[in-house]
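Each remark here refers to the structure printed beneath this line.
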There are 2 protein chains.
Amino acid sequence: MTLVKENSTWNFNKELSMQACPVSFVMNKIGGHWKPIILYQLMSGAKRYSELKRAIPTITEKMLIQHLKQLQADGLVIRTAEPVVPPHVIYQFSPRGESLKPVLNAIAAWGYEQWSSDGI
Amino acid sequence: MTLVKENSTWNFNKELSMQACPVSFVMNKIGGHWKPIILYQLMSGAKRYSELKRAIPTITEKMLIQHLKQLQADGLVIRTAEPVVPPHVIYQFSPRGESLKPVLNAIAAWGYEQWSSDGI
DNA sequence: ATAGCTGCTTACTTAAGGGTAAGTACTTGT
DNA sequence: ACAAGTACTTACCCTTAAGTAAGCAGCTAT
């Protein structure tokens, strides 16, 4: 995983923000370019790695696996691997991830509204 | 403002995502490192530039003004300047920004919940 | 007259995130 | 023997976001 300089100003600010602003805290878990897209896909149910890849054609394998791992580390998704060949791995929301669904739906609903009311 | 290469892969993907995923669309408006923090401050009412600066001690003026401008451009905040010396400029939610409040509250609520249930 | 307040702007540097492309392990189908 | 499928991993580079530091305009209080 990308290594991060422990004492960079940026890291310091990030920590501070996460402690001071609950919205920042959440953005750190579900924000960024790819996480919303992955989470959105998982909202319709468990998916295997290759399904996600196909569902999000523009994502690279590196990004997909990197963010899945992060979501796992944050306790939002669960990875289940069946020891068969070829491998069969599924990703799905954990209970904590499930509790995010209403939030994601609220976000998406606002997005749809704005989107239709002013074009892209 | 920062100029952006029109045809970069990243830009292309970003456009695609915003069209395909409503959550991404919203993240592009309110995500990133500083926007959530600024929006959170504005939720408690109109603030002048210097108040925001003091309320968010670790933000640089460059970041503050840059994101305020972006939020303005996205129609989420309104800037009002009184032509006095020293200048007096206030920033507040537009009606569209107001409509975001429930969403931000939902996000914050989830954040608080998670935060208390597993430490930072 | 000089420092201070306010709300910015600019030029430059660094750090983080993302993209490209290749490789790995292990088995089934041909 | 070799291609194909699955789920990754790795090394390297480029783009974008953020940080640093300085300056400006215009008035006011010392």
Side-chain angles (χ1 to χ4, degrees), chain A residues 1-17 24 27-28 30-38 46-72 77 79-91, chain B residues 1-17 24 27-28 30-38 46-72 77 79-91:
Chain A
M1 199 135 290
T2 329
L3 53 144
V4 175
K5 260 187 160 177
E6 284 304 331
N7 291 336
S8 67
T9 309
W10 189 85
N11 244 359
F12 177 71
N13 281 346
K14 193 170 165 184
E15 291 299 314
L16 269 184
S17 311
S24 280
M27 291 301 175
N28 271 292
I30 67 168
H33 187 59
W34 294 112
K35 276 196 214 142
I37 302 171
I38 295 170
K47 294 253 168 15
R48 52 188 299 196
Y49 177 84
S50 54
E51 282 181 289
L52 287 169
K53 214 171 75 181
R54 270 189 294 273
I56 314 170
T58 53
I59 201 171
T60 60
E61 303 209 328
K62 181 192 166 192
M63 285 296 110
L64 182 53
I65 203 77
Q66 184 177 113
H67 289 114
L68 283 172
K69 280 191 175 182
Q70 188 58 57
L71 291 168
Q72 228 193 126
V77 314
R79 189 193 101 116
T80 318
E82 282 171 55
V84 293
V85 164
H88 189 96
V89 179
I90 63 161
Y91 290 91
Chain B
M1 202 133 291
T2 330
L3 52 144
V4 177
K5 259 188 161 177
E6 285 303 331
N7 290 337
S8 66
T9 310
W10 190 84
N11 244 1
F12 177 71
N13 280 346
K14 192 170 165 185
E15 292 299 315
L16 268 185
S17 311
S24 282
M27 291 300 175
N28 271 294
I30 66 167
H33 188 58
W34 294 112
K35 277 196 215 141
I37 301 172
I38 296 170
K47 294 254 169 15
R48 54 188 297 197
Y49 178 83
S50 53
E51 282 181 290
L52 287 170
K53 214 171 75 181
R54 270 189 295 273
I56 313 170
T58 53
I59 200 171
T60 61
E61 302 209 328
K62 182 194 167 192
M63 285 296 110
L64 181 52
I65 203 78
Q66 184 177 113
H67 289 113
L68 283 171
K69 280 190 176 181
Q70 189 57 58
L71 291 168
Q72 229 193 127
V77 315
R79 190 192 101 117
T80 318
E82 282 172 54
V84 294
V85 164
H88 190 97
V89 179
I90 62 162
Y91 290 92

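Chain identifiers are assigned alphabetically (A, B, ...) following the order of the sequence lines, protein sequences preceding nucleic acid strands; residue numbering begins at 1 within each chain.
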Check: A/Lys35 side chain, A/Asn28 main-chain N or O, donor-acceptor pair, under 3.5 Å: yes
Distance in angstrom units between B/Ile56 CD1 and D/dA18 P, rounded: 13 Å
For atom CZ of A/Phe12 and atom P of D/dT20, their distance in whole Å: 11 Å
Close side-chain approach of B/His88 to B/Thr80, heavy-atom, < 4.5 Å: no
Atom-to-atom span, CD1 of B/Ile65 to C1' of C/dT10 - whole angstrom: 13 Å
Whole-Å gap separating C1' (D/dT9) and CG (A/Leu68): 15 Å
A/Trp34 side chain reached by A/Ile59 side chain, heavy atoms, under 4.5 Å: yes
For the student: nearest non-hydrogen atoms of B/His33 and A/Lys14, plus distance: CE1-CA, 3.5 Å
Heavy-atom check, side chain of B/Tyr49 versus side chain of B/Ile65, under 4.5 Å: yes
Minimum heavy-atom distance B/Arg79-B/Ala81, with the two atoms named: NH2-CB, 3.5 Å
For B/Gly32 against B/Pro36, the heavy-atom pair lying closest together: O-CD, 3.3 Å
Protein N or O to nucleotides 4-6 of chain C N or O, pairs below 3.5 Å:
unit_1 : atom_1 : unit_2  : atom_2 : d
C/dT6  : O3'    : B/Arg48 : NH2    : 3.0
C/dT6  : O3'    : B/Pro87 : O      : 2.8

Side-chain heavy-atom pair B/Leu52, B/Leu68 within 4.5 angstrom cut-off: yes
Candidate pair A/Tyr91 and A/Ile38, rule side-chain contact (heavy atoms from CB on, under 4.5 Å), full reasoning: CA-CA 10 Å; A/Tyr91 290 91; A/Ile38 295 170; over 6 Å; no
Phosphate OP1/OP2 of C/dT9 contacted by B/Lys69 side-chain N/O (<4.0 Å): yes
Distance, rounded to the nearest Å, where B/Leu64 contributes CG and D/dA17 contributes P: 17 Å
Whole-Å gap separating C1' (D/dT16) and CD (B/Gln70): 14 Å
A/Asn28 CG - D/dA18 P separation (whole Å): 12 Å
Protein-to-nucleotide contact annotation, 5' to 3' order, nucleotides 18-23 of chain C [B base; S sugar-phosphate only; - none; under 4.0 Å, heavy atom]: BBB---
Gap between atoms CD and C1', on A/Glu82 and D/dA7 respectively (whole Å): 14 Å
